[in-house]
Amino acid sequence: EPEVTQTPSHQVTQMGQEVILRCVPISNHLYFYWYRQILGQKVEFLVSFYNNEISEKSEIFDDQFSVERPDGSNFTLKIRSTKLEDSAMYFCASRETHSNQPQHFGDGTRLSIL
Amino acid sequence: AQSVTQPDIHITVSEGASLELRCNYSYGATPYLFWYVQSPGQGLQLLLKYFSGDTLVQGIKGFEAEFKRSQSSFNLRKPSVHWSDAAEYFCAVGAEVLTGGGNKLTFGTGTQLKVEL
């Protein structure tokens with residue numbers, strides 16, 4: 001069964017550094033998402049992306065965050081200047097064309113900011 | 001705004017016993033409802049979904065859920081729990097978006113299931 005893959009599985013970064021989290025969505029999917037889960041808390045929506053532009057973003061997704069689909073397969077989340085509170089598990093998800101199809105999630109990237 | 005409440009943070013059941021995990025949602029229109037399961041260190045695996053039609057939906061691993069509009073609930077059930085079902089379970093609500101993407105999911109805080117042998 002096709003899967004969403006995320007790399008790396010664990011990223012350790014110094015505060016203030018830039019970090020890029022990578023995702024390869026399922027190949028025929030057109031809608032892409034990033035969510036995060038701070039340890040012990042619920043999964044929170046960050047941003048959705050369709051047709052090469054952001055379709056919706058949450059309050060969390062401020063100017064420090066950006067997303068990009070640099071080629072036909074990858075979908076990236078960049079945090080420009082990381083803060084301690086950015087430490088979390090970041091999940092990428094994708095879904096097919098119709099909104100009545102579920103989002104499929106990757107295994108996540110654990111981001112640790114020191 | 002959409003929201004999800006999972007009132008039980010932790011639940012412990014004996015292997016072979018039945019299970020019901022509660023989920024209540026708040027959404028202005030007909031919601032899209034999902035249950036996901038997360039094992040330690042893993043991602044979110046879809047158990048089942050409800051969009052329309054039959055209010056009792058079947059999922060993977062022997063799970064089912066029933067949509068009750070009058071109670072704004074979408075409880076997850078399993079008649080006989082296996083030790084491998086120990087994990088965290090998340091209920092989520094999404095919206096239909098006809099154009100332009102979106103359809104973000106709003107998750108509950110999760111229910112941690114422990115299975116006693």
Side-chain angles (χ1 to χ4, degrees), chain A residues 1-7 9-10 23 25-26 29-61 67 69 75 89-110, chain B residues 1-10 23 25 27 29-53 57 59-60 65 67 74 87-112:
Chain A
E1 185 174 329
E3 292 182 342
V4 175
T5 56
Q6 291 185 242
T7 55
S9 57
H10 191 191
C23 170
I26 295 173
H29 288 189
L30 298 179
Y31 298 86
F32 313 112
Y33 307 83
W34 283 101
Y35 294 81
R36 80 172 185 190
Q37 184 182 31
I38 295 172
L39 187 64
Q41 298 185 24
K42 64 179 176 181
V43 178
E44 302 172 288
F45 168 77
L46 291 178
V47 65
S48 59
F49 190 86
Y50 169 71
N51 199 26
N52 280 321
E53 61 183 24
I54 291 173
S55 49
E56 188 176 5
K57 61 182 181 180
S58 70
E59 293 178 352
I60 303 167
F61 195 87
V67 289
R69 188 153 163 83
F75 179 52
M89 181 75 92
Y90 287 80
F91 292 106
C92 174
S94 68
R95 71 170 172 89
E96 294 182 48
T97 305
H98 301 293
S99 61
N100 64 350
Q101 293 299 319
Q103 295 176 26
H104 295 263
F105 285 79
D107 284 343
T109 293
R110 179 167 299 285
Chain B
Q2 56 203 56
S3 67
V4 176
T5 301
Q6 292 181 248
D8 304 306
I9 299 174
H10 295 99
C23 171
Y25 69 90
Y27 183 63
T30 299
Y32 288 177
L33 294 161
F34 308 84
W35 276 98
Y36 286 86
V37 60
Q38 184 182 32
S39 297
Q42 301 294 310
L44 297 162
Q45 181 183 22
L46 178 71
L47 284 177
L48 46 76
K49 61 185 185 289
Y50 170 78
F51 293 117
S52 64
V57 293
I60 63 171
F67 171 60
F74 188 58
E88 188 152 24
Y89 292 79
F90 292 93
C91 181
V93 63
E96 180 180 15
V97 178
L98 298 179
T99 60
N103 195 25
K104 69 177 182 183
L105 294 180
T106 298
F107 285 84
T109 49
T111 296
Q112 186 71 48

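Numbers restart at 1 for each chain; the letters A, B, ... are given by sequence-line order, proteins then strands.
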Greater than 12 external heavy atoms within 6.0 Å of Ile60(B)'s CD1: yes
Enclosure of Glu3(A) CD (heavy-atom neighbours >12, cutoff 6.0 Å): no
Pairwise side-chain contact, Gln101(A) with Phe51(B), heavy-atom cut-off 4.5 Å (strictly under): no
Heavy-atom proximity to chain B below 4.5 Å, by part of Tyr35(A): side chain
Residue Gln37(A) versus chain B: region with a heavy atom under 4.5 Å: side chain
Residue Leu105(B) versus chain A: region with a heavy atom under 4.5 Å: both
Contacting region of Gln38(B) [heavy-atom separation from chain A under 4.5 Å]: side chain
Flag, side chain of Asp107(A) to backbone of Gln42(B), donor-acceptor distance under 3.5 Å: no
Validation row, ring centre Phe107(B) to ring centre Phe45(A) under 6.0 Å: no
Among the listed options Leu46(B), Leu44(B), Thr106(B), the residue most often paired with chain A at heavy-atom distances under 4.5 Å: Leu44(B)
Distance (rounded to the nearest 0.5 Å) between Glu88(B) CD and Lys42(A) NZ: 12.5 Å
Heavy-atom closest pair, residues Tyr36(B) and Pro102(A): OH-CB, 4.4 Å
